[in-house]
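Remarks on the structure that follows.
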Amino acid sequence: MNLPFAWPRNLAEAKPLQEQLARQVRQSPLPGAIRTVAGIDAAFVGDRIVAAATLFDYQTLEFLCSAHAVREVTFPYIPGYLSFREAPAFLAALEQLPSPPDLVIVDGQGIAHPRRLGIASFLGVLLGRPTIGSAKSRLVGEYVEPAMERGAWTPLVDRGEEVGAVLRTRSGIRPLFVSPGHLITLSEALAAVLHCTVRYRLPEPQRVADRLAAQLKRELPASC
DNA sequence: GCGACAG
DNA sequence: ATCTTGTCGC
């Protein structure tokens with residue numbers, strides 16, 4: 001993907017771009033039927049980041065294919081600015097897929113972010129496609145622990161705004177922090193995450209991407 | 001100033 | 001994210 005802007009190299013350059021992209025996020029109903037769903041995650045090898053993307057049939061959850069990309073890390077990890085560190089690799093991995101997914105589940109937040117532009121929303125705006133933020137821990141917001149049964153959820157509220165939900169994808173297991181990324185509503189995001197979560201805590205596309213990233217990390221040539 | 005803080 | 005083995009529990 002040819003980015004419509006120069007990639008930020010520091011916080012000063014990232015801030016204005018983040019504000020601009022945040023204004024483009026849309027929490028609207030899914031634009032159409034979902035036939036395929038992708039999952040993305042990353043791992044680090046020295047000063048390089050390896051991103052893995054998976055593609056599944058949404059209806060049957062049948063695995064279709066996977067792809068990956070390796071990039072040099074050019075931005076530090078700063079809470080609230082994760083996109084500028086990981087998005088380049090994620091976009092590259094997604095481009096390697098044979099066809100663009102109808103929905104992307106991202107390991108990280110959607111609008112449950114200080115400025116409403118977590119990495120899932122960031123990618124959604126750049127891709128112009130529906131995305132969901134599926135994080136393993138909280139970045140912002142207050143909530144009450146959801147009930148222990150699978151499917152139970154409580155709202156995640158930040159500064160008086162409902163920015164996502166704390167969802168129990170498996171009974172008795174730590175919940176996930178789900179939030180709309182772009183072009184999707186919270187209820188649709190919750191339904192999609194539950195639909196994709198059958199046996200493990202993470203939605204299948206995200207879980208397999210996670211496993212693949214870890215595998216690539218082990219097999220990649222030692223950087224030095 | 002202090003504490004919080006996706007991956 | 002990553003450093004790190006075994007171990008408790010279903």
Side-chain angles (χ1 to χ4, degrees), chain A residues 8 11 14-15 18 21-22 25 39-53 68-94 104-126 131-143 148-150 156-159 161 163-182 186 189 193 199-203 205-207 209-220 222-224:
Chain A
L11 192 54
K15 282 182 175 176
Q18 185 174 73
L21 294 176
V25 174
I40 50 180
D41 193 20
F44 292 83
V45 181
D47 55 3
R48 290 181 299 173
I49 175 176
V50 51
H68 71 271
V70 179
R71 288 288 184 278
E72 290 287 322
V73 174
T74 62
F75 203 93
Y77 170 64
I78 301 173
Y81 294 86
L82 179 67
S83 307
F84 301 98
R85 178 177 173 80
E86 306 190 344
F90 280 168
L91 288 169
L94 286 169
V104 183
I105 296 179
V106 185
D107 190 296
Q109 314 292 344
I111 62 171
H113 176 280
R115 292 162 294 283
R116 308 294 180 256
L117 192 79
I119 191 164
S121 299
F122 186 105
L123 291 172
V125 171
L126 291 191
T131 57
I132 294 174
S134 173
K136 297 183 289 297
S137 63
R138 184 198 74 100
L139 174 59
V140 297
E142 307 123 33
Y143 65 95
M148 290 298 247
E149 316 81 56
R150 162 183 160 83
L156 179 61
V157 180
D158 182 47
R159 292 175 300 173
E161 228 180 295
V163 296
V166 185
L167 174 68
R168 193 81 70 179
T169 54
R170 285 201 67 194
S171 299
I173 298 296
R174 274 188 305 153
L176 245 39
F177 294 78
V178 179
S179 58
H182 185 51
L186 175 58
V193 168
R199 183 179 174 190
Y200 301 89
R201 177 163 86 122
L202 302 177
Q206 183 184 355
R207 185 185 73 79
D210 178 278
R211 175 184 78 37
L212 180 58
Q215 180 191 319
L216 290 166
K217 172 188 172 62
R218 292 194 304 272
E219 299 174 349
L220 237 51
S223 56
C224 61

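By convention in this document, chain letters (A, B, ...) are assigned in the order of the sequence lines, proteins followed by strands, and residues within each chain are numbered from 1.
Contact annotation for A/Ala43: backbone-only contact, meaning every heavy-atom pair under 4.0 Å involves sugar-phosphate atoms and none involves a base. No engagement by A/Gly133 is indicated, since no non-hydrogen atom pair under 4.0 Å with the nucleic acid exists. If you check every strand for non-hydrogen atoms under 4.0 Å, A/Phe44 touches sugar and phosphate atoms only. Within 4.0 Å of A/Phe84, counting heavy atoms only, lies no atom of the nucleic acid at all. Residue contacts for A/Ile78: at a heavy-atom cut-off of 4.0 Å it reaches no nucleic acid atom on any strand shown.
Between A/Ser137 and the phosphate of B/dC5, there is no side-chain N or O to OP1/OP2 separation shorter than 4.0 Å.
The aromatic rings of A/Phe75 and A/Phe84 sit tilted, their planes meeting at an angle between 30° and 60°.
Closest to the side chain of A/Pro79, out of B/dC5, C/dA1, B/dG7, is B/dC5. Listed nucleotides B/dA4, C/dT2, B/dG7 differ in distance to A/Arg138; the shortest reach to its side chain belongs to B/dA4.
No aromatic stack links A/Phe177 and the base of B/dA6, using centre distance under 5.5 Å and interplanar angle under 30°.
For the pair A/Arg207 and A/Tyr200, the cation-pi test (distance below 6.0 Å, angle within 45°) is passed.
Salt bridge present: A/Asp158 and A/Arg116 bring a charged side-chain N and a carboxylate O closer than 4.0 Å.
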